[in-house]
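No experiment lies behind these values; they were computed from the predicted model shown.
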Amino acid sequence: NYKEYHAIGVEAIKNRKLAAVTMAGGQGTRLGHNGPKGTFVLGIEPPKSLFEIFTSKLKDIKEKYGVAIPWYLMTSKENNSETIEFFEKNNYFGYPKEDVKYQW
């Protein structure tokens, strides 16, 4: 059944019937981070924020199937502005700006 379901998923991606949602309303206080949790930079090489890692996965899909998946970031009143500023400062990590939506 894997091939059948995989084909259904690929078709949904290509027809823009699929979106990604990230619950991004948390602050990084438990991580010892001052700011939205998604802006936390992991100690990996090269260092990357959580948002950058998520974006790289969406970019892989865009490259593979030729279509960008709309990405909805569910922020909070406390971190919406900081989250938007972070994406703008980092040029959306190379993902299409028009496909990144914010809601709190």
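Interatomic distance, Tyr95 OH to Lys59 NZ, rounded to the nearest 0.5 Å: 10.5 Å. Distance check, rounded to the nearest 0.5 Å: CG of Asn79 to OG1 of Thr75 gives 5.5 Å.
Between the side chain of Asn80 and the backbone N or O of Tyr102, no donor-acceptor pair lies under 3.5 Å. Not a single donor-acceptor pair under 3.5 Å links the side chain of Ser49 to the backbone N or O of Thr39.
Residue Tyr72 shares its hydrophobic cluster (ILVMFWY side chains chained together at separations under 4.5 Å) with Val21, Met23, Met74. Ile8 belongs to a hydrophobic cluster whose other members, connected by ILVMFWY side-chain contacts under 4.5 Å either directly or through intermediates, are Tyr5.
Not less than 6.0 angstrom separates the ring centroid of Trp71 from the ring centroid of Tyr92. Taking the six-membered ring for Trp, Phe93 and Phe51 have ring centres at least 6.0 Å apart.
More than 12 heavy atoms of other residues, nucleotides or ligands shown are found within 6.0 angstrom of NZ on Lys101.
One hydrophobic cluster, built from ILVMFWY side chains closer than 4.5 Å, cannot hold both Val41 and Leu31; they sit in different ones. Taking hydrophobic clusters as Ile, Leu, Val, Met, Phe, Trp and Tyr residues chained together by side-chain heavy-atom distances below 4.5 Å, Ile84 does not share a cluster with Trp104.
When all heavy atoms are compared, the tightest approach of Pro47 to Glu52 is O-OE1, 4.3 Å. Taking all atoms of both residues into account, the shortest heavy-atom contact from Leu18 to Ile69 is O-CG2, 3.7 Å. Shortest non-hydrogen contact noted between Gly25 and Ser76 is O-OG, 3.0 Å.
Using the six-membered ring where Trp is involved, His33 and Phe40 have ring planes that are perpendicular, over 60° apart on the 30 and 60° scheme.
Between Asn1 and Glu4 the shortest side-chain heavy-atom distance falls below 4.5 Å. Counting heavy atoms from C-beta on, the side chains of Lys37 and Arg30 come closer than 4.5 Å. For the pair Ile53 and Ile44, the minimum side-chain heavy-atom distance is below 4.5 Å. Side-chain contact between Arg16 and Asp99 is present, with heavy atoms from C-beta onward closer than 4.5 Å.
Applying the salt bridge (charged side-chain N to carboxylate O under 4.0 Å, His left out) test to every pair with at least one member in residues 75-96, sequence neighbours left out, gives no pairs at all.
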